[in-house]
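Let me begin by presenting the structure, written as structure tokens, before commenting on it.
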Amino acid sequence: MNIGKFLNKITGKDKLDAYRQATRYQQQAAAAAPPQPESRPTTTQVTFTRTKCDVPFRLATSEGEWTVTQWEEIGEALEQMLEEVVEFVILTAGDASHGIRFIQSCPLPDKDMVTVELSLEEPGNPRTRLVEKDCGQEEVFAIFRAFYQTGDVPNRERYQPVRFFQ
């Protein structure tokens with residue numbers, strides 16, 4: 001039977017009760033259904049052209065891009081990201097002396113974690129690849145501070161290649 005035709009035949013309290021029952025069934029079905037994994041294949045074999053930066057450090061957020069002159073600007077941008085004022089923070093270095101051109105970060109949905117990605121350059125390769133790891137809020141500040149102060153990131157071996165849909 002077509003539910004629309006059925007509901008059009010009843011009126012008043014009976015119709016309201018039928019809508020409520022249908023809503024309960026829908027909520028129960030949604031709660032019981034297991035989450036569906038993404039069925040598309042992924043790959044880590046994606047590379048990008050190298051980013052250029054003509055200043056010592058450039059900071060970008062969802063609100064704009066500017067040259068960085070002190071750590072406090074980066075710390076403030078990270079705080080805004082964690083407070084959901086800006087969606088992401090990217091810090092790009094003019095000199096990738098340790099093979100990292102930029103780091104970028106964004107909060108993970110429904111978690112108290114943050115994803116940090118590094119753009120890794122290899123000598124002689126005109127392409128760059130991304131690696132990532134999830135970390136807590138304090139660690140994201142430490143990672144950005146280390147990159148700003150040294151151009152390097154501690155514990156780089158803990159990052160995994162970013163997976164992209166094919």
Plane angle bin for W71 and Y148 - parallel if under 30°, tilted between 30 and 60°, otherwise perpendicular: tilted

Should we count [atom1] of [X] as having more than 12 external heavy atoms under 6.0 Å?
| X | atom1 | value |
| --- | --- | --- |
| E138 | CD | no |
| E65 | CD | yes |
| E76 | CD | no |

Does [X] reach the main-chain N or O of [Y] with its side chain, forming a donor-acceptor pair under 3.5 Å?
| X | Y | answer |
| --- | --- | --- |
| S105 | T115 | yes |
| R158 | E132 | no |
| E73 | Q70 | yes |
| R101 | A93 | yes |

Heavy atoms only: give me the nearest [X]-[Y] pair and the separation to one decimal.
| X | Y | value |
| --- | --- | --- |
| R58 | T51 | NH2-CG2, 3.9 Å |
| F147 | L91 | CE2-O, 3.5 Å |
| V89 | A77 | CG2-O, 3.5 Å |
| N125 | R50 | O-NH2, 2.6 Å |

Identify whether [X] and [Y] are in the same connected component of the hydrophobic contact network (ILVMFWY, side-chain heavy atoms under 4.5 Å).
| X | Y | value |
| --- | --- | --- |
| I143 | F141 | yes |
| V114 | V86 | yes |
| F144 | W66 | yes |
| Y159 | V140 | yes |
| I100 | V68 | yes |

Kindly indicate, with the supporting measurements, whether the criterion side chain to side chain contact (heavy atoms under 4.5 Å, CB included) is fulfilled by T49 and R127. CA-CA 5 Å; T49 57; R127 310 281 293 170; 3.1 Å; yes

With rounding to the nearest 0.5 angstrom, report the [atom1] to [atom2] distance, [X] to [Y].
| X | Y | atom1 | atom2 | answer |
| --- | --- | --- | --- | --- |
| T92 | K52 | OG1 | NZ | 13.5 Å |
| S62 | M81 | OG | CE | 10.5 Å |
| Q137 | M113 | CD | CE | 9.5 Å |
| D152 | S97 | CG | OG | 8.0 Å |

Between R156 and L120, is there a side-chain heavy-atom distance shorter than 4.5 Å?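 Yes. Closest side-chain heavy atoms under 4.5 Å.
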
Can you check whether F102 reaches T128 side chain to side chain, under 4.5 Å on heavy atoms? no

Checking side chain to side chain contact (heavy atoms under 4.5 Å, CB included) for the pair S119/L130: CA distance, chi angles, key distance, verdict? CA-CA 5 Å; S119 170; L130 290 177; 4.1 Å; yes

Full working for side chain to side chain contact (heavy atoms under 4.5 Å, CB included) between T61 and Q80: CA-CA 10 Å; T61 71; Q80 289 179 345; 5.7 Å; no

With side chain to side chain contact (heavy atoms under 4.5 Å, CB included) as the criterion, how do F57 and I74 come out once you've worked through the C-alpha distance, each side chain's angles and the decisive distance to 0.1 Å? CA-CA 10 Å; F57 284 97; I74 301 163; 5.8 Å; no

